[in-house]
Student: 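Sharing a structure, written as structure tokens. Questions coming.
The chains referred to below are lettered A, B, ... by the order of the sequence lines, with proteins before strands, and numbering in each begins at 1.
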Number of protein chains: 2
Amino acid sequence: MAARAKLSDVARLAGVSTATVSRVLNDNDRVAPELVERVLKAKAELGYRYNSLARGLRTRANAVVGVVIPDVTNPFFTDLVRGIEDLVRENGYLLVLCNTDETAAKEEAYLELLVDQQVAGLVIAPVRSTIEAASFDLAGIPVVAVDRTMNGVDTVTLDNVRGAIAVTSRLLESARRVATITGPLVTTTGSERLVGYRRALSDVGIDFEPELFVEADYSESGGYAAAHRLLALEERPEAIFCGNHAMALGAMRAISEVLDDPSEIALASFEPLPWAADPGGRVVTLAVPSYELGQRAAQMLLERIRGFEGPARSIVVQTELLRTPR
Amino acid sequence: MAARAKLSDVARLAGVSTATVSRVLNDNDRVAPELVERVLKAKAELGYRYNSLARGLRTRANAVVGVVIPDVTNPFFTDLVRGIEDLVRENGYLLVLCNTDETAAKEEAYLELLVDQQVAGLVIAPVRSTIEAASFDLAGIPVVAVDRTMNGVDTVTLDNVRGAIAVTSRLLESARRVATITGPLVTTTGSERLVGYRRALSDVGIDFEPELFVEADYSESGGYAAAHRLLALEERPEAIFCGNHAMALGAMRAISEVLDDPSEIALASFEPLPWAADPGGRVVTLAVPSYELGQRAAQMLLERIRGFEGPARSIVVQTELLRTPR
DNA sequence: GGCCGGCATGTAATCGATTTCTCGGATGCG
DNA sequence: CGCATCCGAGAAATCGATTACATGCCGGCC
């Protein structure tokens, strides 16, 4: 039992050549039914499992899909990964999850490792959108960008501009002085949500005030610090639109430290908040179909892996206003 | 640029044999300095990267460590994974993250895939502790169990009994009727925390009442349902000790649905809650060193991978009472 | 009836690395 | 000065699969 059976063992036991065994296990075509049966029986008897390294070496592909995301602790990304995982597993691929912590260096290291592993394909939410697709397109590995765009590859993103407009407009119904805390502007989610925010302002004839805008890093502590800065302004904002869930939680913490009645400042988040953080449902929020996003990305990736050659496609998924304050 | 340089290309450019190149890149011993230099120069010039599949095929090992956990969305596990990741990456391994959703079937499927991939080692938080180590020990792959124990392999766990005693005792300071919602009793975390709960009760001379104990599944919805059951009792509990963070959040939701003043029922969670869910810090909680847990597990796994052969070891990490109600 | 085509099967090359074995030159010792 | 030893480097086997090519058998067609 110690040693693992290999293809040639199966071949010997079944009394056929290794080529035939391989054909039975893969093509299944053009092999006499009787031999097929003998092979399958021998395979079962020996408990044969193919060696994916050897196979991968020959076919130049590993049945592994790499997923590179900036933050495994963010529910948005974990749900998204679920979406990818479910589809990808159905198709026999293993999922490798890599966490970049929103840092370019880690991202690069992981991409190198994944390319080394000759993964069959990659889904990535790039730290910076200027990333050069070229560097791994070289290796011929299909790539799909998710949530954030990237040049030259298939992308699945949210309609950030529309979503941000919807959220900001809702805040503007009951406030004039609306601030925003965005993610890094080098990410498309950061810059596009800012665009939406500005458009919503101009739609109702309000000028953009630079002091009401803070660029942060999508982390709880980043949101916390940014909110403190906004709260320290001479003229405090009446509402704050946060670019993601973690920063909204940070802002919430900051607000409750500074104000006796935290509800004086309306809060909004692009991503939904866990129930426990907002039992009253006061925070304006979008329903972001993260699971679906993942599925779409996986779908496109699988098509590429199967050889689809067309030009880069892009899918934009809509969001929906979820909760209303009051 | 299209094709990737291989070892023999480097050898040709450097004017040496492939064996020499391999020696330079691995042993680095016993090769004339001049040749070493030529090889390294050729390598740099071609941008050579080794093919991990080919190498793995020959050395029978893949520079990948598999991590199998029941819930990627649980911060406890994501922090734990961070701990593993950091240590493992320093040592040149890639981390494959697999999510079992607390179901045995998925767990098994992932283990098979990982064994197929010939990962160098595995860290697992098993869905059921009775899992047979034998089935993959066979493949000779080192395994470390984390958070939950498993027979015959190295384990890193929390001191669940002591932790549960500490939490329950704290609740008992201000309440007599203390209920508990545990995780599945087939997990060691589930059963041991129940043991701690019972011991704390008996320490102060209170009998265990079966109706005050509900077994759930570590999910938010499971905690929610369980809490509703407890709240429907004729004689309501005065406090509830939840086996993990998600169930505590679920219980919190249930409580706030049933009671006008949720603070009437004291709540405790074995794992810490996100700040936003408990701004006042009323919930009794343990500091669980999840990151450290992961590091220890990774440490032991690396030792095994490097050939350590001793008997199975087990490390128990202490927790600490974190917040106090009132 | 002989030849050709097609198809099922086997043989052997191949993927890209590591590693054993071998060989030749240099060194050391008697 | 000659022989044994040691060591560095190359040739070739090897890991375990896939697959191009060779082979042999069968049936059909002229």
Side-chain angles (χ1 to χ4, degrees), chain A residues 2-40 42-43 46-64 92 113 115-120 139-141, chain B residues 2-40 42-43 46-64 92 115-120 139-140:
Chain A
R4 198 162 138 148
K6 46 190 181 181
L7 192 62
S8 57
D9 297 331
V10 177
R12 190 166 346 109
L13 183 60
V16 298
S17 74
T18 61
T20 301
V21 176
S22 176
R23 278 190 275 257
V24 169
L25 269 38
N26 301 320
D27 309 347
N28 233 337
D29 273 0
R30 317 214 153 171
V31 177
E34 190 215 325
L35 290 191
V36 171
E37 198 185 331
R38 288 222 310 265
V39 168
L40 292 179
K43 175 191 159 173
L46 293 172
Y48 170 76
R49 320 223 64 207
Y50 70 85
N51 179 323
S52 61
L53 263 41
R55 161 183 284 197
L57 174 59
R58 187 66 230 250
T59 59
R60 346 185 70 68
N62 211 336
V64 171
L113 274 170
V115 171
D116 278 356
Q117 288 289 319
Q118 297 184 242
V119 294
I141 296 175
Chain B
R4 201 163 136 148
K6 44 189 182 180
L7 192 63
S8 59
D9 296 330
V10 177
R12 191 165 345 109
L13 183 60
V16 299
S17 75
T18 61
T20 301
V21 176
S22 175
R23 280 191 274 259
V24 170
L25 268 37
N26 302 319
D27 310 346
N28 233 341
D29 272 1
R30 318 210 152 175
V31 177
E34 191 214 324
L35 290 192
V36 172
E37 197 185 331
R38 286 219 314 262
V39 168
L40 292 180
K43 173 191 159 172
L46 294 172
Y48 169 74
R49 320 221 62 206
Y50 70 83
N51 179 324
S52 60
L53 263 41
R55 159 182 285 196
L57 174 59
R58 189 64 232 250
T59 59
R60 347 183 70 69
N62 209 338
V64 171
V115 171
D116 278 356
Q117 288 289 318
Q118 298 184 242
V119 294

Student: Compare side-chain N and O positions of B:Tyr50 against OP1 and OP2 of C:dT18 and report whether any pair is under 4.0 Å apart.
Tutor: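 No.
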Student: By the salt bridge (Lys or Arg N to Asp or Glu O under 4.0 Å) test, which pairs, at least two apart or in different chains, include something from residues 8-22 of chain A?
Tutor: A:Asp9-A:Arg12
Student: Supply the atom-to-atom distance A:Tyr48 OH to A:Ser8 OG, rounded to the nearest 0.5 angstrom.
Tutor: 9.0 Å
Student: Can you measure B:Lys6 atom NZ to C:dT18 atom P for me and round it to whole angstrom units?
Tutor: 14 Å
Student: Mind listing the closest non-hydrogen atom pair of A:Ile141 and A:Val115 along with its distance?
Tutor: CD1-CA, 4.0 Å
Student: Mind checking side chain to side chain donor-acceptor pair (under 3.5 Å) for B:Arg49 and listing every partner two or more places apart, or none if nothing turns up?
Tutor: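 Partners of B:Arg49 by the side chain to side chain donor-acceptor pair (under 3.5 Å) criterion, ordered by chain and then number, come out as A:Glu112, A:Asp116.
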Student: Can you name the residues that form a side-chain contact (heavy atoms from CB on, under 4.5 Å) with A:Ala19, not counting sequence neighbours?
Tutor: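 Applying side-chain contact (heavy atoms from CB on, under 4.5 Å) to A:Ala19 gives A:Ser17, A:Arg23.
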Student: Are there any protein N/O atoms within less than 3.5 Å of an N/O atom in nucleotides 8-11 of chain C, and if so, which ones and at what distance?
Tutor:
{"from": "C:dT9", "atom 1": "OP2", "to": "A:Ala32", "atom 2": "N", "distance (Å)": "2.7"}
{"from": "C:dG10", "atom 1": "OP2", "to": "A:Ser17", "atom 2": "N", "distance (Å)": "3.0"}
{"from": "C:dG10", "atom 1": "OP2", "to": "A:Ser17", "atom 2": "OG", "distance (Å)": "3.2"}
{"from": "C:dG10", "atom 1": "OP2", "to": "A:Thr20", "atom 2": "OG1", "distance (Å)": "2.6"}
{"from": "C:dG10", "atom 1": "N7", "to": "A:Arg23", "atom 2": "NH2", "distance (Å)": "2.9"}

Student: Could you grab the distance from atom CG of B:Asn62 to atom CZ of B:Arg55, nearest 0.5 Å is fine?
Tutor: 11.0 Å
Student: Distance check, rounded to the nearest 0.5 Å: B:Asn51 atom CG versus A:Gln118 atom CD?
Tutor: 4.0 Å
Student: Holding to side-chain contact (heavy atoms from CB on, under 4.5 Å), I want the full list of residues that pass it with B:Arg58, two or more places apart in sequence or in another chain.
Tutor: none
Student: Roughly how bent is the helix from C:dG1-D:dC30 to C:dG30-D:dC1 end to end, in steps of 10 degrees, with each end axis from five pairs?
Tutor: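 End axes: 60° apart.
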Student: Can you measure A:Leu57 atom CG to C:dT14 atom C1' for me and round it to whole angstrom units?
Tutor: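 These atoms are roughly 9 Å apart.
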Student: Considering only heavy atoms of chain A and a distance under 4.0 Å, specify the first and last nucleotide of DNA chain D in 5' to 3' order that meet this criterion.
Tutor: D:dG16 to D:dT19
Student: Give, for atom OG1 of A:Thr20 and atom CG of A:Leu25, the distance between the pair rounded to the nearest 0.5 Å.
Tutor: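 It comes to 11.5 Å.
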Student: Find every protein N or O atom lying less than 3.5 Å from an N or O atom of nucleotides 22-27 of chain C, and list the pairs.
Tutor:
none

Student: Determine the minimum heavy-atom distance between B:Leu57 and A:Leu53, stating which atoms define it.
Tutor: N-CD2, 3.8 Å
Student: Hey, can you pull the donor-acceptor pairs under 3.5 Å for the side chains in residues 32-40 of chain A, sequence neighbours left out?
Tutor:
{"from": "A:Glu34", "atom 1": "OE2", "to": "A:Arg38", "atom 2": "NH1", "distance (Å)": "2.9"}
{"from": "A:Arg38", "atom 1": "NE", "to": "A:Ala14", "atom 2": "O", "distance (Å)": "2.9"}
{"from": "A:Arg38", "atom 1": "NH2", "to": "A:Ala14", "atom 2": "O", "distance (Å)": "3.1"}

